[in-house]
Amino acid sequence: MSQQPIGVVGAGTMGQGIAQVLATSGFPVQLYDVADAQLERARGAIDKGLGKLVAKDKLAEADKDAALGRLATSTALDALADCEVIIEAAPEQPALKEKLFRDLSHLTGDAILASNTSSLSLTRLAAVCERPERVVGMHFFNPVPVLKLVEVIRAEQTSDATVACIEALAEALGKTAVPVGDSPGFAVNRLLVPMINEAAFLVQEGAATPEAVDEAMKLGAAHPLGPLALADLIGLDVCLAIMEVLQDGFGDPKYRPCPLLRRMVDAGYLGRKSGRGFHTYS
């Protein structure tokens, strides 16, 4: 790959993590978001994340400064025009992502457009683009600087060269690329989120408290984090959206979202990011 900037669309939790890993791996990064305030928060969060690595002697202070120097931000989509690869990390809203991919396709020409979507169809995203063979899934996991997995999802239209480029990029970031077909939820979320949904049913039915569910899975299944604490980390709104994609995609009632999960999202109890989910956070 050249030293052209890699674009990141969306400066939320996932976009921040992706931008941080790219910058610390030596890539110039152009981070885009619609709001200046969100970009400022993102730069602060990345600065803080790099500072923690310095404090743990995992990163030199000079390397931290160099990484921050490789990070540029903009609220203008045109700033991504010269990017060789653009990684989209916008909210899980199909209409929003399709508009972004359509606009980016018109703007960038030959750039690879990679989506960090956790469950949506890459084939559908590719279909709105002028170069559908350059569209691919690059699904990171939260927290991005820590977790090694990247699911690489091939749309029906994706070329071998595009997949090879994204796999090479993942390797350059110290990640492990695992190829997955374009099926609802891909691999990890198709397995993981229904488990979270079933844990919510346990709580709804009064069979166990959230604390009991999490403790049981940590001690009985050797999970480092209980499923409901993990749901709070992911975001209950994200978990609900994935269950809806699974239900719509497969038409199978086993993927019915737990009503308690839906009520919590309606109430704004989204997990860590709102201060309250299945557990409470200060």
Side-chain angles (χ1 to χ4, degrees), residues 1 6-10 12-22 25 27 85-94 97-98 100-101 111-127 129 132-197 223-225 227 230-231 233-235 238-250 255:
M1 296 182 66
I6 293 180
V8 178
V9 175
T13 300
M14 294 303 294
Q16 293 168 16
I18 294 167
Q20 177 178 320
V21 169
L22 286 166
S25 299
F27 293 96
V85 176
I86 299 173
I87 303 171
E88 170 272 316
E92 288 287 277
Q93 300 169 14
K97 287 184 185 285
E98 286 177 26
L100 278 169
F101 270 68
I112 290 177
L113 304 181
S115 178
N116 184 58
T117 179
S118 57
S119 58
L120 299 178
S121 168
L122 271 301
T123 298
R124 181 173 169 180
L125 286 177
C129 296
E133 72 278 7
R134 306 283 283 175
V135 175
V136 67
M138 191 178 192
H139 181 209
F140 293 83
F141 289 78
N142 186 32
V144 178
V146 176
L147 297 184
K148 296 296 185 181
L149 175 63
V150 172
E151 287 181 318
V152 178
I153 303 100
R154 180 193 290 266
E156 288 296 323
Q157 307 94 318
T158 308
S159 69
D160 291 342
T162 297
V163 170
C165 182
I166 291 303
E167 288 178 340
L169 175 58
E171 182 179 357
L173 300 180
K175 305 298 184 185
T176 299
V178 173
V180 183
D182 188 17
S183 178
F186 313 132
V188 172
N189 282 333
R190 183 172 170 182
L191 294 167
L192 176 64
V193 181
M195 181 186 71
I196 289 172
N197 195 57
H223 288 199
L225 192 66
L230 179 58
L233 179 63
I234 295 169
V238 176
C239 293
L240 176 60
I242 293 170
M243 288 305 302
E244 290 173 336
V245 167
L246 292 173
Q247 186 181 37
D248 291 344
F250 292 111
Y255 295 116

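- Atoms CD and NZ, from E92 and K97 in turn, are 4.5 Å apart once rounded to the nearest 0.5 Å.
- By the 4.5 Å heavy-atom criterion applied to side chains, L173 and L22 are counted as neighbours.
- The shortest heavy-atom contact between P184 and G249 is CG-CA, 3.9 Å.
- For E244, the side chain to side chain donor-acceptor pair (under 3.5 Å) partners two or more places apart in sequence, or in a different chain, are R262.
- Side chains of V163 and P179 form no contact here, defined as non-hydrogen atoms less than 4.5 Å apart.
- Partners of Q247 under the side-chain contact (heavy atoms from CB on, under 4.5 Å) rule, at least two apart in sequence or in another chain, are Y255, R256, P257.
- Each of T162, L122, T123 was checked for a side chain to side chain contact (heavy atoms under 4.5 Å, CB included) with V135, and the lone residue meeting it is L122.
- No side-chain heavy atom of I112 sits less than 4.5 Å from a side-chain heavy atom of L169.
- With rounding to the nearest 0.5 angstrom, the OG1 atom of T176 is 11.5 Å from the CG atom of L147.
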Please step through side chain to side chain contact (heavy atoms under 4.5 Å, CB included) for the pair I87 and I6, ending with a clear verdict. CA-CA 8 Å; I87 303 171; I6 293 180; 4.3 Å; yes
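- For the salt bridge (charged side-chain N to carboxylate O under 4.0 Å, His left out) test, residues two or more places apart in sequence or in another chain that qualify with E133 are R131.
- Listed by chain and residue number, nothing satisfies the side chain to side chain donor-acceptor pair (under 3.5 Å) test with T13 (two or more places apart in sequence, or in another chain).
- With rounding to the nearest 0.5 angstrom, the CD atom of E88 is 9.0 Å from the CD1 atom of I18.
- If you take CG on L230 and NE2 on H223, they are separated by 9.5 Å, rounding to the nearest 0.5 Å.
- Residues satisfying the salt bridge (charged side-chain N to carboxylate O under 4.0 Å, His left out) criterion with E98, sequence neighbours excluded, are R124.
- Residues meeting the side-chain contact (heavy atoms from CB on, under 4.5 Å) test with Q93, sequence neighbours left out: P91, L96.
- When all heavy atoms of A126 and P132 are compared, the pair lying nearest together is O-CB, 3.3 Å.
- Applying the salt bridge (charged side-chain N to carboxylate O under 4.0 Å, His left out) criterion to D160, with sequence neighbours excluded, gives R154.
- Between the CE atom of M14 and the CZ atom of F140 there is a distance of 7.5 Å, given to the nearest 0.5 Å.
- Among residue pairs with one or both ends in residues 166-197, none qualify as ring-ring contact (aromatic ring centres under 6.0 Å, His included); sequence neighbours excluded.
- Under the side chain to side chain donor-acceptor pair (under 3.5 Å) criterion, Q20 pairs with no residue, sequence neighbours left out.
- Nearest heavy atom pair, residue V238 against residue S118, reads CG1-OG, 4.5 Å.
- Scanning both residues, A114 and I166, for their nearest heavy atoms gives CB-CD1, 4.3 Å.
- For E167, the side chain to side chain donor-acceptor pair (under 3.5 Å) criterion is met by no residue, not counting sequence neighbours.
- Contact detail for D182 and S121: the closest heavy-atom pair is OD2-OG, 3.4 Å.
- A search for side-chain contact (heavy atoms from CB on, under 4.5 Å) contacts involving V193 returns N189, C239, I242, M243, not counting sequence neighbours.
- Considering only heavy atoms from C-beta on, C129 comes within 4.5 Å of L113 through its side chain.
- Between I196 and A231, the shortest heavy-atom contact is CG2-CB, 3.5 Å.
- Within the structure, every pair that satisfies the side chain to side chain donor-acceptor pair (under 3.5 Å) test and touches residues 134-150, not counting sequence neighbours, is listed here: H139-E151.
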